[in-house]
Amino acid sequence: MRYRSKLACLLTVLILTACTVTKTICPCEAPEVIRLGDKEIEINAQIILIDTIASGGMKVKILLTTPARTTLPTNFEADYYYLRSSNLSRDAFEGKFTSINTNSAEGIMELEANNAPVWGNGELVDVAVHLTDSHGKVHFLKKDAVPVQSANR
C-alpha cells in the first residue's frame, strides 16, 4: 500500500510537470504581416556577419513597412527581437535593438541590433519582432529562413 501511494504521487508530479507551459523564445506561429488598427505592417530582415577585429557577432537589420509606404500606425513600439536557427543544436536568442529609426510619414521603421551571437554563414534563421501597441497588447511579426550573410556580400 505504501508503494502504491508513492507511485501515485510520483505519477502526479510527472503529469503536472509535463503539462506546464514554458515561454517559447521565438513565436512559431507569428505572421509576416499584421494589422494594427486600420494599417498593415510587414517584416523584412537581413542578418550580416560582423567581421571587424573590434567586434564579432552578427548585425540584424529588420525593416517594418506598410504596404504602398502609407503612414505607420500611431503608438506602437518594437523592443525585442528573437532569433532561432535552423541548426537545432543552437539555443534561441533574445536581444534588444541598438538602433531604431522611424519615418512614420513614409511607413518605415528600421531596426538594427549589433549584439547577436555569431552563427554560420548561410545558416537559416527565423527572425521575430516583439511589438506593443498603444493599448499594451503584444504582437509578433516573423520572417522565416533568413540566411546569414558574410559582410563582404
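Rounded to the nearest 0.5 Å, atoms CD (Glu77) and CG (Leu131) are 10.0 Å apart. A distance of 8.0 Å separates NZ in Lys143 from CD1 in Ile43, rounded to the nearest 0.5 Å. Distance check: Glu42 CD to Thr66 OG1 gives 8.0 Å after rounding to the nearest 0.5 Å. The distance from atom NZ of Lys59 to atom CD of Glu112, rounded to the nearest 0.5 Å, is 5.0 Å. Atom CG of Leu36 is separated from atom CD1 of Ile41 by 4.0 Å, given to the nearest 0.5 angstrom.
Here the closest non-hydrogen pair linking Thr98 and Ala113 is OG1-CA, 3.3 Å. Listed here is the closest heavy atom pair of Ala116 and Leu83: CB-CD1, 3.9 Å. Considering every non-hydrogen atom in both Leu141 and Ala30, the closest pair reads C-CB, 4.3 Å.
The closest side-chain heavy-atom distance from Val125 to Val60 is not below 4.5 Å. Inter-residue side-chain proximity for Leu49 and Val148 is flagged as met; some heavy-atom pair is nearer than 4.5 Å. In this structure the side chain of Phe76 reaches within 4.5 angstrom of the side chain of Met109, judged on heavy atoms. Side-chain contact check for Thr71 versus Lys39: some heavy-atom pair is nearer than 4.5 Å.
A ring pair (Phe, Tyr, Trp, His ring centres under 6.0 Å) check over residues 103-129, counting only residues at least two apart or in different chains, returns nothing.
The hydrophobic cluster containing Leu63 also includes Ile108, under a criterion of side-chain heavy atoms closer than 4.5 Å among ILVMFWY residues, counted directly or through chains of members.
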List the steps, then state whether side chain to side chain contact (heavy atoms under 4.5 Å, CB included) holds for Asn44 with Ile62.
CA-CA 6 Å; Asn44 282 299; Ile62 298 171; over 6 Å; no
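The salt bridge (charged side-chain N to carboxylate O under 4.0 Å, His left out) check on Glu40 picks up Arg35, with sequence neighbours excluded. Shown here are the side-chain hydrogen bond (donor to acceptor under 3.5 Å, both in side chains) partners of Asp79, two or more places apart in sequence or in another chain: His130. For Asn115, the side-chain hydrogen bond (donor to acceptor under 3.5 Å, both in side chains) partners at least two apart in sequence or on another chain are Tyr81. Residues that satisfy the side chain to side chain contact (heavy atoms under 4.5 Å, CB included) test with Ser89, not counting sequence neighbours, are Asn87.
Of the possible donor and acceptor atoms, none in the side chain of Asn101 sits under 3.5 Å from a partner among the backbone N and O of Glu110.
The cluster map of Ile, Leu, Val, Met, Phe, Trp and Tyr, joined by side-chain heavy atoms under 4.5 Å apart, puts Val129 and Ile48 in different clusters. Val33 and Leu64 are not part of a single hydrophobic cluster, where members link through side-chain heavy atoms under 4.5 Å apart.
Under the side-chain contact (heavy atoms from CB on, under 4.5 Å) rule, Arg84 has a single partner from Asp126, Asp91, Leu124, which is Asp126.
Applying the 6.0 Å contact sphere to CZ of Phe97 captures more than 12 heavy atoms from other residues, nucleotides or ligands.
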